[in-house]
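Since the structure comes first, as structure tokens, the remarks are kept for the end.
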Number of protein chains: 2
Amino acid sequence: MAPPTQPLTRSVEDYLKAIYQLSQGGSPAGTTEIANLLELAPASVTGMVKRLSEQGLLEHVPYKGVELTSAGRRAALKMVRRHRILESYLVAFLDYTWDTVHEEADRLEHAVSDRLIERMALALGNPSVDPHGDPIPAPDGSMVELVYTPLSEVPVGESVELRRVETRQADRLRYFAEHGLVPGASVTVTARQPFGGPTTVQTGDGDRLLGAELAGILLCARAGAR
Amino acid sequence: MAPPTQPLTRSVEDYLKAIYQLSQGGSPAGTTEIANLLELAPASVTGMVKRLSEQGLLEHVPYKGVELTSAGRRAALKMVRRHRILESYLVAFLDYTWDTVHEEADRLEHAVSDRLIERMALALGNPSVDPHGDPIPAPDGSMVELVYTPLSEVPVGESVELRRVETRQADRLRYFAEHGLVPGASVTVTARQPFGGPTTVQTGDGDRLLGAELAGILLCARAGAR
DNA sequence: AAATAGATTTAGGCAACCCTAATTCTGGTC
DNA sequence: GACCAGAATTAGGGTTGCCTAAATCTATTT
């Protein structure tokens, strides 16, 4: 039952990761979506998708969309584990910050061995989340994905704990870090303007006004819900 | 004076490293030598060599051999630095042994950024040699290469310090490590059989008989010479 | 000086991936 | 029910980097 798969190329690994990410929402990934994410022409995606379907990594319904097969998902989750362990390691031991680490991990994830990843994981104490609060799949591909509430939807008056930051954009990440808005931080929502207006929060760092976009990518654990 | 070079591909990096290594002996590298080292067909090497010459990284005299230009040497030394810092880091912090580390470093060296290498170097305290005793080029490409004496040529009766092990073959490296024959170890030559016969050495670990091949790849610092 | 072994190069191909331009399909609209 | 915009696919190319087979060159031997 061991996967007899020949090693995947960098390109293939990138496609699988992208399709995994786009399928998160439940519906199959579209050609153009994939193309945008990988910064390729849609025609190139069609070609690769065809090859990967033949290899049994994808399920492709022409003109409809692509989904990962279980072999594809397994490979994608391995890449996600690599990426998140790498990010965690670089931040913990090599002075990277969460806004600079993504790029480095994106290159390294194609070059590391399983052995290296497991040693890094061990050195980190087998973490379950990365510096952004994203869950790290176990070596067997299992992953516990908790459901959090966007800060933009936390009722006024409630105190919550920041758990996860859903962006890789360096400028936003830097802004969050500068103001103590990192996983683990406690914040209280003190006000919110209507019609997609800003949310006001109280942090250990003082009060801060967050626009709807930023408040929407800060995911929080509410007291009762967990 | 900054190198305006576009990023090199993995293949190109491998060629430059190979040619650097083969040119160490002074004479230009031959097509077949390069092909053997990289496990490619000689015809493939001819093709790549032509492209790299046009890019100004190599000096190729058809039917004679190849040498690195100064741009080529600079790039090659950068790869050597990457490789040796990686090996040092993996051994120091991630429990690799010197017989397993080469392969991992060979893949990683194409994926790491300069920034990562410099952070690893810093974490290591800017080492000047790697776990095998090979000198590590400085970021500017300068490298101090000391001249050592092969154990096979150390006169009987002399005590020397092991400094460098010139092989990447895992089985030999494992044998050396098992018997304390690692850089820094002190050994005394107690006997040597003539006509390429074995050398007998006394180590902290006891006495040991080393055939000509093994004794030839253990490089030693002699007392006076250094 | 001719022969020849071995190294090197040329010729002709192939696979992976990417691109642009042209075509075809799908899901609404009017 | 025909039409249209946008999505997806097909057609036709290009590059990189590898291979095998067939020349060709070099250097050494006879």
Side-chain angles (χ1 to χ4, degrees), chain A residues 5-19 21-23 25-68 72 75-76 79 106-107 109-111, chain B residues 5-19 22-23 25 27-68 72 75-76 79 106-107 109-111:
Chain A
T5 43
Q6 20 139 48
L8 307 174
T9 66
R10 271 154 260 277
S11 279
V12 170
E13 291 178 339
D14 281 336
Y15 273 91
L16 294 177
K17 227 180 44 157
I19 294 164
Q21 193 183 315
L22 293 170
S23 306
S27 56
T31 303
T32 306
E33 281 179 304
I34 301 169
N36 288 339
L37 198 54
L38 297 177
E39 304 192 85
L40 299 173
S44 307
V45 173
T46 300
M48 178 64 97
V49 159
K50 203 180 296 180
R51 258 173 284 158
L52 295 186
S53 297
E54 281 157 16
Q55 280 191 249
L57 293 165
L58 300 180
E59 195 77 55
H60 182 211
V61 182
Y63 293 102
K64 294 302 181 182
V66 227
E67 278 177 338
L68 294 170
M79 294 313 294
D106 250 358
R107 264 177 299 102
E109 66 188 6
H110 303 297
Chain B
T5 44
Q6 21 138 53
L8 307 174
T9 66
R10 272 154 257 277
S11 279
V12 170
E13 290 178 341
D14 282 336
Y15 273 91
L16 294 177
K17 225 178 50 158
I19 294 164
L22 293 169
S23 306
S27 56
T31 302
T32 306
E33 280 180 305
I34 300 169
N36 289 338
L37 197 54
L38 297 177
E39 305 192 82
L40 300 173
S44 306
V45 174
T46 301
M48 179 64 96
V49 159
K50 203 181 292 179
R51 261 175 283 159
L52 295 186
S53 297
E54 279 157 17
Q55 280 191 248
L57 293 165
L58 300 180
E59 195 78 58
H60 181 213
V61 183
Y63 293 102
K64 293 302 180 181
V66 226
E67 279 178 336
L68 295 169
M79 295 312 295
D106 250 357
R107 265 176 299 101
E109 66 188 4
H110 303 297

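Sequence lines set the chain letters: A, B, ... in the order given, protein chains first and strands last, and positions in each chain run from 1.
In this view, A:Arg51 and A:Met48 satisfy the side chain to side chain contact (heavy atoms under 4.5 Å, CB included) rule, not counting sequence neighbours. Under the rule for a side chain to side chain contact (heavy atoms under 4.5 Å, CB included), A:Ala43 has no partner lying at least two apart in sequence or in another chain.
Judged by distance alone, with hydrogens and angles left aside, the side-chain atoms of A:Ser44 form no donor-acceptor pair with the main-chain N or O of A:Leu40 at under 3.5 Å. Checked by atom type and distance alone, the side chain of B:Thr9 pairs as donor or acceptor with a backbone atom of B:Val12 at under 3.5 Å.
In this structure, the NZ atom of A:Lys64 is 11 Å from the C1' atom of D:dA8, given to the nearest Å. Going from atom NE2 of B:His60 over to atom C1' of D:dC25 covers 12 Å, rounded to whole Å.
Residue pairs meeting the salt bridge (charged side-chain N to carboxylate O under 4.0 Å, His left out) criterion with at least one partner in residues 8-17 of chain B, sequence neighbours excluded, are B:Lys17-B:Asp106, B:Lys17-B:Glu109.
For the pair A:Pro62 and A:Thr9, nearest-nucleotide mapping onto DNA chain C gives the more 5' position to A:Thr9.
Taking all atoms of both residues into account, the shortest heavy-atom contact from A:Ala76 to A:Leu16 is CB-O, 3.7 Å. For the residue pair B:Ala111 and A:Ala111, the shortest heavy atom distance occurs at CB-CB, 3.7 Å. A pairwise comparison of heavy atoms in A:Tyr15 and A:Val45 identifies OH-CA, 3.8 Å as the closest pair.
A side-chain contact (heavy atoms from CB on, under 4.5 Å) with A:Val66 is found for one member of A:Glu33, A:His60, A:Glu59 and no other, namely A:His60.
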Give me the distances for all protein-to-nucleotides 10-13 of chain D N/O pairs that come in under 3.5 Å?
{"residue": "D:dT10", "atom": "OP2", "partner": "A:Lys50", "partner atom": "NZ", "Å": "2.8"}

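Counting heavy atoms from C-beta on, the side chains of B:His110 and B:Met79 come closer than 4.5 Å.
Interface limits on DNA chain C: the 5'-most and 3'-most nucleotides within less than 4.0 Å of chain A heavy atoms are C:dA16 to C:dG27.
Shown for residues 30-40 of chain A: residues whose heavy atoms fall under 4.0 angstrom of DNA chain D, namely A:Gly30, A:Thr31, A:Thr32.
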